[in-house]
Amino acid sequence: MDFEEQPIESKTVFHGHLIDVEVQQVKTPQGNVAQREIVHHAPAIAILALTSDNKMILEKQWRAPIAKTTLEIPAGKLDDRDADNAVHAAKRELNEETRYQATELEKISSFYTSVGCMDEYMTLYLARGLERVDHELPQDQDEQLALQTVSLDQALAMIDRGEIEDAKTIMAIYYWRGMKNYE
């Protein structure tokens, strides 16, 4: 069975600081014409950062698309400072957002964040052996973050209560739970 759609026409309707939006007219394998709205986003990283007392670092921040504060793991997009290197971006974001560096940084997984409308590809890392940085990188001027640490049991309870709703963070917590089952 053929699933691939063939673009007929494409137009960028918005070019922004964070995203570009493209509208495509496509021909489906059945011969129908359909419209696709695609959000283009830079590749991104996220970090499950575990402290020496086995707690995860969470960031509380405002998220305009849902008009409320969220609790999330440290994350960010690759930019020109990273030269398409996700490990570099993870180290940079960990420094900028938490003021830590990791002696161990291990890739957990890479995934698309929302395939129905966006091409953002995220790589999730596990960071352990956290140490305070000697040289603090500048934080993004448009971010206001408050850090907190929680245990695995606390994090799972926060998911159950709806206090953690962010997909990458939930994925990281469930990964952490799986690690505990195999240690």
Point-to-point distance, once rounded to the nearest 0.5 Å, from [atom1] of [X] to [atom2] of [Y]:
X      : Y      : atom1 : atom2 : value
Thr98  : Glu93  : OG1   : CD    : 10.0 Å
Leu147 : Tyr100 : CG    : OH    : 8.5 Å
Gln141 : Gln139 : CD    : CD    : 11.0 Å
Leu130 : Glu104 : CG    : CD    : 9.5 Å
Ile45  : Lys91  : CD1   : NZ    : 12.0 Å
Leu124 : Tyr175 : CG    : OH    : 8.5 Å

Tell me, do [X] and [Y] make a side-chain contact under 4.5 Å, heavy atoms counted?
X      : Y      : result
Leu105 : Leu126 : no
Leu58  : Thr149 : no
Glu143 : Glu59  : no
His15  : His40  : no
Asn95  : Gln101 : no
Lys60  : Leu145 : no
Leu71  : Thr169 : no
Val87  : Tyr125 : yes

Inset, instruction - Indicate, with yes or no, if Ile173 and Leu50 share a hydrophobic cluster defined by side-chain heavy-atom contacts under 4.5 Å among Ile, Leu, Val, Met, Phe, Trp and Tyr. - result: yes

Inset, instruction - State plainly whether one hydrophobic cluster holds both Ile108 and Ile170, where clusters connect Ile, Leu, Val, Met, Phe, Trp and Tyr through side-chain heavy atoms under 4.5 angstrom apart. - result: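 Shared cluster, yes.
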
Inset, instruction - Would you please test Ile8 and Val26 for side chain to side chain contact (heavy atoms under 4.5 Å, CB included) and show each step? - result: CA-CA 5 Å; Ile8 300 168; Val26 300; 5.7 Å; no

Minimal non-hydrogen separation, [X] against [Y], with atom names:
X      : Y      : answer
Leu78  : Ala86  : CD2-N, 3.8 Å
Trp176 : Val150 : CH2-O, 3.7 Å
Tyr121 : Ser110 : OH-CB, 3.2 Å
Thr69  : Trp62  : N-CE3, 3.8 Å
Leu94  : Ala49  : CD1-CB, 4.1 Å
Lys168 : Ala46  : CD-CB, 3.8 Å

Is it the case that atom [atom1] in [X] sees more than 12 heavy atoms from other parts of the structure closer than 6.0 Å?
X      : atom1 : answer
Glu131 : CD    : yes
Asp84  : CG    : no
Gln144 : CD    : no

With a 3.5 Å distance limit and no angle check, can you tell me whether [X] reaches the backbone of [Y] through a side-chain donor-acceptor pair?
X      : Y      : value
Ser114 : Cys117 : no
Asp119 : His41  : yes
Asp2   : Glu4   : yes

Legend entry - Pair Lys68 + Glu165: basic N to acidic O under 4.0 Å: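 Salt bridge between Lys68 and Glu165, a charged N being under 4.0 Å from a carboxylate O: yes.
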
Inset, instruction - Identify whether the distance between the nearest side-chain nitrogen and carboxylate oxygen of Arg36 and Glu5 falls below 4.0 Å. - result: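 Looking at Arg36 and Glu5, the cut-off is met.
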
Co-members of the apolar cluster containing [X] [side chain, <4.5 Å]:
X      : answer
Leu18  : Val13, Phe14, Ile19, Val21, Val23, Val39, Met118
Leu137 : none
Phe3   : Met1

Legend entry - Residues that Thr70 engages under side-chain contact (heavy atoms from CB on, under 4.5 Å), provided they are two or more places apart: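 side-chain contact (heavy atoms from CB on, under 4.5 Å) check on Thr70 returns Gln61, Arg63, Ile66, Glu72.
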
Legend entry - Any residue meeting side-chain contact (heavy atoms from CB on, under 4.5 Å) with Asp79, in chain and number order, not counting sequence neighbours: Lys77, Arg81, Asp82, Arg92

Legend entry - Step-by-step side chain to side chain contact (heavy atoms under 4.5 Å, CB included) determination, Glu120 to Thr113: CA-CA 6 Å; Glu120 180 184 36; Thr113 59; 2.7 Å; yes

Inset, instruction - Kindly indicate, with the supporting measurements, whether the criterion side chain to side chain contact (heavy atoms under 4.5 Å, CB included) is fulfilled by Met171 and Ser109. - result: CA-CA 10 Å; Met171 180 179 173; Ser109 183; 4.0 Å; yes

Test item: side-chain donor near acceptor, [X] and [Y], under 3.5 Å:
X     : Y     : value
Glu22 : Gln24 : yes
Asp53 : Thr51 : yes
Glu37 : Gln35 : yes

Inset, instruction - I would like to know whether Met56 and Leu48 meet side chain to side chain contact (heavy atoms under 4.5 Å, CB included); could you show each step before the answer? - result: CA-CA 7 Å; Met56 74 181 302; Leu48 170 58; 3.7 Å; yes

Inset, instruction - Go through the structure and list residues passing ring-ring contact (aromatic ring centres under 6.0 Å, His included) with Phe111, not counting sequence neighbours. - result: none

